[in-house]
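Keep in mind that the numbers below use all heavy atoms, side chains included, and drop hydrogens, waters and symmetry copies. This chain uses plain numbering: 1 for the first residue, then up along the sequence.
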Amino acid sequence: FSIDLTPLTILSHSPDGGVNDVVCAVEVLFSEPAVDFAPNDVVLAGPSGPIAIDSVVNTTNPETFEFRFACQSASGDYNFDIGTGIFDEAGNALDAPYVGGFSIALADLSPMALLIPSNGVSGEQIAVNWTVENNGTSTATGTWTDRIYLSNYPPLPVHSFLCVFL
């Protein structure tokens, strides 16, 4: 027989580096099956401060876990620390605290240069033109739908009218 004295290590995590999507979990790959990995073993912070860990789940194999949290979409850096209170099946603790991170960069499209007539006639069409500017930190890709609401009030009330485009 042999005695396992090899400490548990973390080999990688994902996402790692920059992502252009919302993030709701981080996957962690251990060197061997881990036990006792719990939400209180992880400290996660983002651009707005601390983020609560909701759960830790064993995923595709005994070495892979996800720690899950409320989906994050704010552009910026996210950093986490995993403590040494995690063990392998032989009782060997994680060899050292693990520090990891990722960053989110998303597009943020906003209407600019809105051109509308100063008056109109009820029931008649009007021409409305605008351009879209990306205020985000990532290039906008794919397709999107523009929606313009008409309202007399700055906070959009429930009786605002969604314009129909022909």
Hydrophobic cluster of Leu115, others only, ordered by chain and residue number, side-chain cut-off 4.5 Å: none

At their closest point, which heavy atom of [X] faces which heavy atom of [Y], and how far apart are they?
X: Gly101; Y: His13; value: O-NE2, 3.0 Å
X: Ile104; Y: Ala74; value: CB-O, 3.7 Å
X: Val22; Y: Ser73; value: CG2-CB, 3.9 Å
X: Thr84; Y: Pro97; value: CG2-N, 3.5 Å
X: Ala34; Y: Leu8; value: CB-CD2, 4.0 Å
X: Ser110; Y: Asn135; value: OG-ND2, 3.0 Å

State plainly whether one hydrophobic cluster holds both [X] and [Y], where clusters connect Ile, Leu, Val, Met, Phe, Trp and Tyr through side-chain heavy atoms under 4.5 angstrom apart.
X: Leu106; Y: Val19; result: yes
X: Leu5; Y: Leu94; result: no
X: Ile116; Y: Met112; result: no

Worked check of side-chain contact (heavy atoms from CB on, under 4.5 Å) between Tyr98 and Val28: CA-CA 10 Å; Tyr98 183 83; Val28 178; 5.8 Å; no

Atom pair [atom1] ([X]) and [atom2] ([Y]), whose distance is rounded to the nearest 0.5 Å:
X: Ile82; Y: Phe67; atom1: CD1; atom2: CZ; result: 5.0 Å
X: Ile86; Y: Thr9; atom1: CD1; atom2: OG1; result: 11.5 Å
X: Glu133; Y: Asp108; atom1: CD; atom2: CG; result: 9.5 Å

N/O donor to acceptor pairs below 3.5 angstrom from side-chain atoms of residues 37-56, sequence neighbours left out:
residue, atom, partner, partner atom, Å
Asp41, OD2, Ala38, N, 2.8
Asp54, OD2, Ala70, N, 3.4

Evaluation steps, side-chain contact (heavy atoms from CB on, under 4.5 Å), between Phe69 and Val26: CA-CA 9 Å; Phe69 41 86; Val26 171; 4.0 Å; yes

Chi angles and distances behind the side-chain contact (heavy atoms from CB on, under 4.5 Å) call for Glu32, Asp4: CA-CA 12 Å; Glu32 57 186 300; Asp4 177 3; 3.5 Å; yes

Verdict with supporting geometry, Leu109 and Asn134, side-chain contact (heavy atoms from CB on, under 4.5 Å): CA-CA 5 Å; Leu109 304 179; Asn134 183 359; 3.8 Å; yes

Any pair counted as ring pair (Phe, Tyr, Trp, His ring centres under 6.0 Å), so long as it reaches residues 101-124, sequence neighbours left out: Tyr78-Phe102

Contact list for residues 55-72, test salt bridge (Lys or Arg N to Asp or Glu O under 4.0 Å), sequence neighbours left out: Glu66-Arg68

Check: Asn92 side chain, Thr6 main-chain N or O, donor-acceptor pair, under 3.5 Å: yes

Thr59 (side chain) donor-acceptor with Thr64 (main chain) under 3.5 angstrom: yes

side-chain contact (heavy atoms from CB on, under 4.5 Å) against Asp81, all qualifying residues, sequence neighbours excluded: Val99

Disulfide bond (SG atoms under 2.5 Å apart) contacts in which one or both residues fall within residues 41-108, not counting sequence neighbours: Cys24-Cys71

